Visitor: 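The structure under discussion is supplied below as structure tokens; questions concerning it will follow.
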Amino acid sequence: MGLTAQILVQGTQMALTLALAMHTVRAAMRPVVEAAQRVALIKPGTQKLGIDHDQLPREISILTRAIDDLLERNKALLEAQRRMLAHSA
């Protein structure tokens with residue numbers, strides 16, 4: 001096999017390896033992207049993300065559960081403020 005053919009074969013192998021790696025990374029990151037999109041849609045007063053944590057990779061479910069906990073604490077704070085304002089009025 002000539003040098004040109006070897007370069008062509010190696011270049012093709014590298015391109016296929018890169019394409020496979022990109023596909024794998026995108027597939028692995030899909031749950032992260034979906035969770036980030038849900039977090040971006042959080043509006044004032046939202047109480048839960050509405051994400052099935054068990055369907056996410058462990059590392060991401062830890063983050064989404066923490067966000068749900070934060071939303072719960074925020075809800076409790078807002079309720080306390082409403083009660084305080086109602087009593088002071």
Side-chain angles (χ1 to χ4, degrees):
M1 184 178 335
L3 182 60
T4 304
Q6 285 180 337
I7 292 172
L8 183 61
V9 168
Q10 288 177 350
T12 302
Q13 288 174 339
M14 286 177 38
L16 290 172
T17 301
L18 180 60
L20 179 61
M22 288 175 57
H23 173 74
T24 302
V25 169
R26 282 189 182 132
M29 294 301 292
R30 189 171 299 123
V32 176
V33 171
E34 290 172 1
Q37 289 170 340
R38 293 235 182 178
V39 170
L41 295 175
I42 293 176
K43 302 233 182 313
T46 299
Q47 296 178 13
K48 290 281 185 185
L49 286 177
I51 294 176
D52 184 0
H53 303 288
D54 296 329
Q55 297 298 319
L56 295 172
R58 181 178 175 277
E59 295 82 1
I60 301 306
S61 70
I62 292 169
L63 177 62
T64 58
R65 286 177 202 275
I67 292 171
D68 271 348
D69 290 345
L70 174 63
L71 291 171
E72 282 292 325
R73 291 191 306 272
N74 189 47
K75 175 186 168 195
L77 177 63
L78 290 173
E79 288 174 3
Q81 281 184 330
R82 285 186 188 118
R83 284 192 305 272
M84 185 185 72
L85 288 172
H87 285 121
S88 66

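In what follows, every heavy atom counts, from backbone to side chain, and hydrogens, waters and symmetry copies are set aside. The structure displayed is predicted, hence computed values, not measured ones.
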Visitor: Is there a side-chain contact between L78 and N74 (heavy atoms, below 4.5 Å)?
Guide: yes
Visitor: Are I62 and L70 co-members of a hydrophobic cluster defined by side-chain heavy atoms under 4.5 Å apart?
Guide: no
Visitor: Test your reading of the model: is there a side-chain donor-acceptor pair from H87 to the backbone of R83, 3.5 Å cut-off?
Guide: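 Between the backbone of R83 and the side chain of H87 there is a qualifying donor-acceptor contact (under 3.5 Å).
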Visitor: Is there a path of hydrophobic side-chain contacts, each under 4.5 Å between heavy atoms, that joins M29 and M22?
Guide: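 Each belongs to a different hydrophobic cluster.
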Visitor: Using a 4.5 Å cut-off on heavy atoms from C-beta on, say whether the side chain of D68 contacts that of E72.
Guide: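 Not touching, per the 4.5 Å side-chain cut-off.
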Visitor: Is the closest side-chain heavy-atom distance between L16 and L20 below 4.5 Å?
Guide: no
Visitor: Work out which heavy atom in A28 is nearest to a heavy atom in P31; give both atom names and the distance.
Guide: O-CD, 3.4 Å
Visitor: When rounded to the nearest 0.5 angstrom, what distance separates CG in L77 from NZ in K75?
Guide: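 Between atom CG of L77 and atom NZ of K75 there are 13.0 Å.
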Visitor: In terms of hydrophobic clustering (I, L, V, M, F, W, Y; side-chain heavy atoms under 4.5 Å; direct or indirect links), are L56 and L41 co-clustered?
Guide: no
Visitor: Assess whether atom CZ of R65 is packed by more than 12 heavy atoms of other residues, nucleotides or ligands within 6.0 Å.
Guide: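 Yes.
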Visitor: Determine the minimum heavy-atom distance between T64 and A35, stating which atoms define it.
Guide: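 Answer, listing the atom of T64 first, then A35: CG2-CB, 3.9 Å.
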Visitor: Taking atom NE2 of H53 and atom CG of L63, what is their separation to the nearest 0.5 Å?
Guide: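 Result: 10.0 Å between the selected atoms.
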